[in-house]
Amino acid sequence: MERKDFEAWLDNISVTFLSLTDLQKNETLDHLISLSGAVQLRHLSNNLETLLKRDFLKLLQLELSFYLLKWLDPQTLLTCCLVSKQWSKVISACTEVWQTACKNLGWQIDDAVQDALHWKKVYLKAILRMKQLKDHEAFETSSLIGHSARVYALYYKDGLLCTGSDDLSAKLWDVSTGQCIYGIQTHTCAAVKFDEQKLVTGSFDNTVACWEWSSGAKTQHFRGHTGAVFSVDYNDELDLLVSGSADFTVKVWALSTGTCLNTLTGHTEWVTKVVLQKCKVKSLMHSPGDYILLSADKYEIKIWPIGREINCKCLKTLSVSEDRSISLQPRLHFDGKYIVCSSVLGLYQWDFASYDILRVIKPPEFANLSLLGFGDIFALLFDNQYLYIMDLRTEKLISRWPLPEYRKSKRGSSFLGGEMAWLDGLDGQNDMGLIFATSMPDHSIHLVLWKEHD
């Protein structure tokens with residue numbers, strides 16, 4: 001057929017084809033396909049792929065592609081990366097998508113880092129760590145052996161763990177190596193706190209003492225309590241030491257001289273926790289930067305002024321119930337903004353600016369969880385059998401780890417949480433080191449540590 005005649009025929013058949021119904025068009029195409037040979041079918045296949053499989057990520061502007069990608073979940077995005085090199089390039093370049101994915105997993109985000117590939121790698125690392133937490137594979141255990149009697153007091157700071165024992169000694173351990181750095185002779189320790197130069201101990205002999213690590217010498221002795229000293233805290237800048245005792249009092253001392261500056265009364269039970277901490281918010285009675293003294297017993301948390309006036313009054317008393325059958329767990333968290341404590345009723349969080357209860361996190365059914373650490377994203381909890389991680393955004397337990405039969409203490413001094421920075425959000429660097437430590441009936445220390453990244 002001549003070209004001119006073919007074009008006329010094609011125009012005529014096209015007009016007729018357009019006038020057909022969809023069913024008739026389909027039948028016409030089926031008939032033409034049945035009459036086609038290999039050359040025609042190959043031609044049809046090549047053109048259909050172009051018409052039907054349009055690469056919208058390649059055709060759209062990058063900003064529109066990023067907008068569409070934000071609606072997909074991360075696992076789907078990873079699958080989409082396998083479609084083609086072009087898709088992988090576009091998806092991997094979407095910073096916001098990967099930052100959001102990391103945030104949703106409880107990861108800290110530095111908005112100054114705008115390298116999309118960096119955040120994609122962080123997400124892949126994050127999803128692996130979260131899977132390990134879910135599958136109970138994120139931690140490992142070890143033991144510290146060296147004491148010959150029960151270990152009552154533990155304190156952790158910067159990779160070092162201090163233990164105080166009834167064998168009249170205190171030891172300082174490097175958690176990463178398990179090596180004992182210092183071992184000094186002391187009195188019986190009910191509470192310990194340390195820094196590079198010194199160790200401060202509260203004792204069952206009703207006194208507080210300060211010791212020098214390097215020589216083991218007692219540099220200061222604080223006498224005045226009439227009951228065992230269950231908690232100590234100090235601040236070199238203020239030259240203050242505070243102590244809480246079974247005599248129901250809190251004492252404020254001059255750290256350098258051992259002089260008792262004040263005795264705070266009002267507790268009706270053993271004072272099991274004292275905290276000396278800077279305020280980070282403007283409260284009804286404090287400004288940011290002011291030092292705060294908190295003390296806790298079985299039922300109440302008290303907030304005190306740090307002054308030297310005699311018979312000073314408690315500024316505020318916090319409690320979860322007037323029912324004396326409801327007691328506070330022997331753990332108190334205060335970061336300068338929030339006070340958190342646990343009871344059988346749940347986790348209570350107070351806003352320090354107003355002293356109002358911000359929220360109460362009810363425990364799972366039949367659970368009686370104690371607080372170890374509390375952050376912006378996660379909380380670390382435990383009971384007689386397990387260590388738990390709670391996602392505070394959903395108030396759901398996302399991980400648990402079995403614990404051995406550890407030594408129980410009503411005062412809570414024989415167990416503690418380790419590194420706490422990750423509670424404000426993981427970042428791929430802060431999930432390392434100590435998670436939990438507790439004393440055991442055989443006088444050893446049981447450690448739970450983050451397992452290193454693969």
Side-chain angles (χ1 to χ4, degrees), residues 144-157 160-173 180-236 239-261 263-264 267 270-276 295 297 330 407-416 437-445:
L144 302 176
I145 300 172
H147 284 291
S148 58
R150 66 179 180 177
V151 177
Y152 243 100
L154 301 172
Y155 185 80
Y156 176 80
K157 178 183 177 183
L160 301 175
L161 178 69
C162 180
T163 56
S165 169
D166 279 356
D167 62 11
L168 304 183
S169 77
K171 296 181 184 296
L172 188 65
W173 309 81
C180 180
I181 301 171
Y182 290 116
I184 61 175
Q185 294 300 304
T186 61
H187 46 189
T188 57
C189 296
V192 292
K193 185 176 180 179
F194 71 91
D195 55 42
E196 291 86 349
Q197 286 78 38
K198 64 182 176 294
L199 166 68
V200 174
T201 57
S203 177
F204 292 104
D205 68 10
N206 305 348
T207 70
V208 178
C210 186
W211 315 79
E212 187 177 68
W213 280 122
S214 58
S215 66
K218 185 193 297 182
T219 58
Q220 200 57 257
H221 210 173
F222 306 80
R223 294 182 175 90
H225 281 296
T226 58
V229 179
F230 292 142
S231 182
V232 294
D233 202 355
Y234 65 86
N235 183 279
D236 289 303
D239 189 33
L240 288 181
L241 181 146
V242 294
S243 55
S245 170
D247 64 11
F248 302 176
T249 70
V250 175
K251 286 187 179 292
V252 182
W253 313 79
L255 180 59
S256 58
T257 65
T259 304
C260 183
L261 305 175
T263 298
L264 309 178
H267 283 285
W270 292 356
V271 181
T272 56
K273 188 67 176 177
V274 288
V275 177
L276 196 55
S295 60
D297 62 28
R407 184 186 294 281
K408 307 301 188 294
S409 166
K410 291 182 179 179
R411 298 174 295 99
S413 60
S414 60
F415 47 79
L416 54 72
T438 185
S439 60
M440 301 295 290
D442 65 358
H443 318 317
S444 67
I445 311 300

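All of these numbers come straight from a predicted model, not from anything done at the bench.
Partners of Lys171 by side chain to side chain donor-acceptor pair (under 3.5 Å), not counting sequence neighbours: none found. For the side-chain contact (heavy atoms from CB on, under 4.5 Å) test, residues two or more places apart in sequence or in another chain that qualify with Phe194 are Tyr155, Lys157, Leu160, Cys162, Leu172, Leu199, Trp213. Ser444 meets the side-chain contact (heavy atoms from CB on, under 4.5 Å) test with Ile145, Met440, Asp442; sequence neighbours excluded. Under the rule for a side chain to side chain donor-acceptor pair (under 3.5 Å), the partners of Asn235 that lie at least two apart in sequence or sit in another chain are Tyr291. Partners of Tyr156 by side chain to side chain donor-acceptor pair (under 3.5 Å), not counting sequence neighbours, listed by chain and number: Glu419. With sequence neighbours left out, the ring pair (Phe, Tyr, Trp, His ring centres under 6.0 Å) criterion links Trp253 to Phe222.
Within the 4.5 Å cutoff, side-chain heavy atoms of Lys198 are placed close to those of Leu255. The shortest side-chain heavy-atom distance between Val232 and Thr201 does not fall under the 4.5 Å cut-off. You'll find the side chain of Trp211 reaches within 4.5 Å of the side chain of His187, heavy atoms only.
Here the options are Ser203, Ser165, Ser169, the test is side-chain contact (heavy atoms from CB on, under 4.5 Å), and the partner is Thr188; only Ser203 passes.
Remark: side-chain polar atoms of Thr219 are paired, donor with acceptor, to backbone N or O of Cys210 under 3.5 angstrom. The backbone N or O of Ser256 sits less than 3.5 Å from a side-chain atom of Asp239, completing a donor-acceptor pair. Using modelled atom types, no side-chain atom of Asp297 and backbone atom of Trp270 make a donor-acceptor pair closer than 3.5 Å. Asp233 places a side-chain N or O within 3.5 Å of a backbone atom of Leu276 that can act as its donor or acceptor partner.
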- request: Starting from the C-alpha separation in whole Å, work towards a yes-or-no answer on side chain to side chain donor-acceptor pair (under 3.5 Å) for Thr207 and His221.
  value: CA-CA 7 Å; Thr207 70; His221 210 173; 3.0 Å; yes

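Rounded to the nearest 0.5 angstrom, Arg223 CZ and Cys260 SG are separated by 13.5 Å.
Annotation for Ser414 and Val151: closest pair CB-O, 4.2 Å, computed over non-hydrogen atoms.
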